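Lettering follows sequence order; numbering is per chain, from 1. Remember, it's a predicted structure, so these values are computed and weren't measured experimentally.
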There are 2 protein chains.
Amino acid sequence: MPRQVDHEERRRRIAEAVCTLIARSGMEAVSLRDVAAQAEVSMGAVQRSFRTKEDMLLFALEHLTQYVSERAEQRIAATSTPQAAATLLSHTLAELALLEEESRRQAHVWLAFVAHAPASERLAAVLKDTYAKLHDLLVRLLRYGQDTGEVAADLDAAREAHALLALADGLTAHVVAGHHSSATALAVLQRQVDQVLVEPPGNG
Amino acid sequence: MPRQVDHEERRRRIAEAVCTLIARSGMEAVSLRDVAAQAEVSMGAVQRSFRTKEDMLLFALEHLTQYVSERAEQRIAATSTPQAAATLLSHTLAELALLEEESRRQAHVWLAFVAHAPASERLAAVLKDTYAKLHDLLVRLLRYGQDTGEVAADLDAAREAHALLALADGLTAHVVAGHHSSATALAVLQRQVDQVLVEPPGNG
DNA sequence: CGCGTTCTGATGCACTTGCATCGTATCGGC
DNA sequence: GCCGATACGATGCAAGTGCATCAGAACGCG
């Protein structure tokens, strides 16, 4: 075996470059040459890592969704305090909405992919799958809240999860569009979560 | 004066073609040639109608926002029955979310523009302005609902309007991404509106 | 009718695109 | 130490891009 390169590492590196470019100037600004330059590899390397441009974009999306999903899942798995359902819920949502300042880039990219979904079935499939996972996650959180008594027992968790997820995505879009700051969006999100809780905090 | 052409009419025709193309294959698939073909005019005509491609895209966005805003405003202006605040609110939101089947195309286009906002300041400005207008509209509707007693008087109309608008946009995104059908999205939206009303319909 | 202005569609141009090709550098196995 | 397989980066290529240009058609006005 000749020269050894960590292919997966390179693919990830390229995916990062793709995301950077999309966030900076939109999806149509992504060319193989620019990606190669951004990733500081040769164009040939990009072409050997991905058979086609669409494959590359798809991998970048999967890279992003995996990152977001994992962070959300981790946050839940790492929780030990039992009655934290309320904060758990709002923190997870805030993370899904990519509202933190350091997630701006990811928010742009996510939105770009969603907007591109109608043009690519494979892309749409990945998005659909991710949304389903996130919805499940929220449902689990709500059910957990119902167990701890923080959330009304008669609440339709599935429905509420849909609403919360949509709200999070909408706020993402509004921040990207410049209609909201992250802080404002966060406040709106928090208020919605409070409505779900049986005892709104702060005004006993 | 020689040959007379309705320039505005032509610009609108081209804007329609732009929207069709964006909806079909995304923003990066919009080329002057394709637009000309879709609008069934010559490429020269497109170039004379718009100095540059960006101008064309910007006009298409303004064309879209104006259409959406106008339809929403009209719906309100045309209302004569006084206590319709509840239905008025949900219908307006449903329209803003572009959930009707015939608005799918516009939903795609809208999302594409939002996703592109970070890459173009002029575009972002138009979006921001439109969002502000829509927010105002919702605030007015909520205040009206408070006048008629359908909406709790102590509700923070501005905050609630933000939440509703974000929810509507999020649902739009979810429908475009294939995570929801229009019907499901509509149900989620309706449920959220019901929560705003003092007396939820159907189970009083 | 014929002039002059406006509009028109085709073509040119420099450039970028995604992808294919190819000679070479780099390493493991013998 | 050398062979052969592999990864590498540069270059080629046809197609498509936005925009500029231009000869001429179409029409109001004298």
Side-chain angles (χ1 to χ4, degrees), chain A residues 1-61 109 112-113 115-116 119-123, chain B residues 1-61 112-113 116 119-123:
Chain A
M1 293 292 164
R3 177 133 41 131
Q4 283 298 20
V5 194
D6 187 340
H7 278 251
E8 275 313 302
E9 151 67 17
R10 199 210 286 284
R11 284 163 75 92
R12 264 175 278 136
R13 180 187 184 83
I14 292 174
E16 280 298 317
V18 169
C19 289
T20 301
L21 287 181
I22 291 181
R24 184 187 304 153
S25 357
M27 199 132 212
E28 72 256 36
V30 176
S31 78
L32 296 188
R33 283 163 182 82
D34 290 352
V35 169
Q38 176 71 35
E40 290 178 317
V41 300
S42 77
M43 216 181 111
V46 175
Q47 289 185 257
R48 229 166 310 96
S49 297
F50 301 101
R51 218 172 46 79
T52 168
K53 185 186 181 181
E54 193 189 351
D55 283 359
M56 181 182 75
L57 292 177
L58 212 60
F59 182 85
L61 172 59
V109 178
F113 276 118
H116 203 65
S120 160
E121 273 191 40
R122 300 168 66 191
L123 212 145
Chain B
M1 295 293 161
R3 177 135 39 134
Q4 284 298 18
V5 194
D6 186 339
H7 278 251
E8 276 312 304
E9 151 68 15
R10 200 212 289 282
R11 284 162 74 91
R12 267 176 276 136
R13 182 189 183 84
I14 292 174
E16 279 297 316
V18 169
C19 290
T20 301
L21 287 181
I22 291 181
R24 184 188 302 154
S25 356
M27 200 135 210
E28 72 256 35
V30 175
S31 76
L32 296 189
R33 283 161 181 83
D34 290 353
V35 168
Q38 177 70 35
E40 290 177 315
V41 301
S42 77
M43 217 180 107
V46 176
Q47 291 185 256
R48 228 166 312 98
S49 298
F50 301 102
R51 218 172 45 78
T52 169
K53 186 186 180 181
E54 194 190 351
D55 282 358
M56 181 182 74
L57 292 177
L58 211 61
F59 182 85
L61 172 59
F113 276 118
H116 204 66
S120 160
E121 273 192 39
R122 299 169 66 191
L123 212 146

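The side chain of A:Arg10 places an N or O atom within less than 4.0 Å of a non-bridging phosphate oxygen (OP1 or OP2) of D:dC8. Within the 4.0 Å cut-off from OP1 or OP2 of C:dG18, not a single side-chain nitrogen or oxygen of A:Thr52 is found. Distances shorter than 4.0 Å separate some side-chain N or O of A:Ser31 from OP1 or OP2 on C:dT17.
We find that NZ of B:Lys53 is positioned 12 Å from C1' of D:dC19, with the value rounded to whole Å. Rounded to whole Å, atom C1' of C:dA10 lies 12 Å from atom CZ of B:Arg48. If you take CD of B:Gln47 and C1' of C:dC7, they are 14 Å apart, rounded to a whole angstrom. Computed from coordinates, the B:His7 NE2 to C:dT8 P distance equals 6 Å when rounded to whole Å. Rounded to a whole Å, the CE atom of B:Met43 is 7 Å from the P atom of D:dG18. Atom P of nucleotide C:dT8 and atom CZ of B:Phe50 are separated by 14 Å, given to the nearest angstrom. One can place CD of B:Glu40 at 12 Å from P of C:dG9, the figure rounded to the nearest angstrom. For the pair B:Leu32 CG and C:dT11 C1', the computed distance is 15 Å after rounding to whole Å.
The heavy-atom pair separating A:Lys53 from A:Val30 by the smallest distance is NZ-O, 2.8 Å. In this structure, A:Gly26 and B:Ala119 approach most closely via the heavy-atom pair N-CB, 4.1 Å. Closest approach of A:Ala39 to A:Arg13, counting heavy atoms only: O-NE, 2.7 Å.
Residue B:Arg33 places no side-chain atom within donor-acceptor reach of the base of D:dG16, judged by atom type and a 3.5 Å distance cut-off alone.
Residue contacts for A:Val30: at a heavy-atom cut-off of 4.0 Å it reaches the sugar-phosphate backbone alone, with no base atom in range.
A salt bridge is absent between B:Arg11 and B:Asp55: the closest approach of a Lys/Arg side-chain nitrogen to an acidic carboxylate oxygen does not fall below 4.0 angstrom.
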